[in-house]
Amino acid sequence: MHFDYVWLRDHCRSASCYNTKTNQRNLDTANVDLSIRPLKTRVDEETMFLTWPDGHVTRYNLAWLAEHSYEGQMRNAVQPRILWNSEIYTDAKVPSVSCENFMSSSEGLKTFMEHFLLYGIAFVEDVPPTLEATETVAQRISLIRETLYGRVWNFTSDFSRGDTAYTKLALDRHTDTSYFQEPCGIQVFHCLRHEGTGGRTLLVDGFHAADKVLQETPDNFELLTRVPIKHEYIENVGGYHNHMIGIGPVLNVYPWNNEVYMIRYNNYDRTVINTVPHDVVQRWYVAHRALTTELRKPENELWVKLKPGKVLFIDNWRVLHGRESFTGLRQLCGCYLTRDDVLNTARSLGLKA
């Protein structure tokens, strides 16, 4: 482990430097001498002691230092996850959580959150097939994020909005709201009724596909994490007039450990590529094709049939979704959730998120 002396002074947890009741820093970092060095340093079996030029003494537990060191962060995932394809997820036999257990017990909620964090998808069963019940279930884990589509949406294939989702056509795998600067974190789906055929939902673990690209063609992976791409939504249907633009790389990673935390992939909404230098464009298309090839492999496709009473939660920063074409009347409701509040719920239950 390596620590800079400024870092060691800045992170002092003494009562004068850190408020343990609010978990906030009292020390004014701007007043720390950037060339500071301790006058004395002592280490015993569990603790490091540093005496600074002004006489202040800082004490560090060695285990705390190891946990919070840069080297420690490089070895640990920010959010534990299980990468999956169809076989891995099916063999795991991940159970759904009943609505009663989900709503009334911390144990049921924690089980649901464990599944969601590990796989990026989770199901709640036996939910009354109404918009109101779906909203209540969604609010169990998060605030609802209101968007240009409203707070809780309820739609059929009537093309009431300027989006392919409002048709009966098949939808290829994609993440939603790629045209937001911060795409919505979690998506909730509940099929209230379907009087027809087809319409299965497609789910693909984007992190699994990204990891395959990293292992097989790391240069392609690196390019997809570095080059910003524009996505755009232009709507002029009925009384709706919207123009949204989101800019960011296809893969977003933590720079200290290369862990992917968001995939922004939507070939429908990707707009003109003018953020890539001419000498990089061809390489970007090659990298994008490598990722697309992984995402479209049949073994990576998990198909589920949504039905009344079964609510699906999707990590929109990780799992791509799509659907097959369908016939008849199909009524779906759902909403987006604020990602920070979902992760806050998980941490409040003692989970790493």
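Predicted model, so just to flag it, every value in this text is computed and none were measured.
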Side-chain H-bond candidate by donor/acceptor type, D10 with T29, under 3.5 Å: yes
Polar side chain donor-acceptor pair, D176 to H321, under 3.5 angstrom: yes
Test: R339 and D315 ion pair at under 4.0 Å: yes
Verdict with reasoning, F326 to H194, per ring pair (Phe, Tyr, Trp, His ring centres under 6.0 Å): CA-CA 9 Å; F326 63 91; H194 182 199; 5.7 Å; yes
Under 3.5 Å: donor-acceptor pair, side chain of R347, backbone of A353: yes
Parallel, tilted or perpendicular: ring planes of F3 versus W7, cut at 30 and 60 degrees: tilted
F102 and F112 aromatic ring geometry - parallel, tilted or perpendicular at 30°/60° bounds: perpendicular
Nearest 0.5 Å, what's the [atom1]-[atom2] distance between [X] and [Y]?
| X | Y | atom1 | atom2 | value |
| --- | --- | --- | --- | --- |
| T51 | R59 | OG1 | CZ | 8.5 Å |
| Y179 | H231 | OH | NE2 | 11.0 Å |
| L312 | F123 | CG | CZ | 4.5 Å |
| L118 | M113 | CG | CE | 10.5 Å |

Geometric cation-pi criterion R42 and F49, 6.0 Å radius, 45° cone: yes
Selection residues 212-226 - residue pairs positive for salt bridge (Lys or Arg N to Asp or Glu O under 4.0 Å), sequence neighbours left out: E222-R226
Result of checking V204, I121, L202 against L302 for side-chain contact (heavy atoms from CB on, under 4.5 Å): I121
Y265/H288 aromatic ring centres below 6.0 Å: yes
Cluster link I247 to V281, ILVMFWY, side chain under 4.5 Å: no
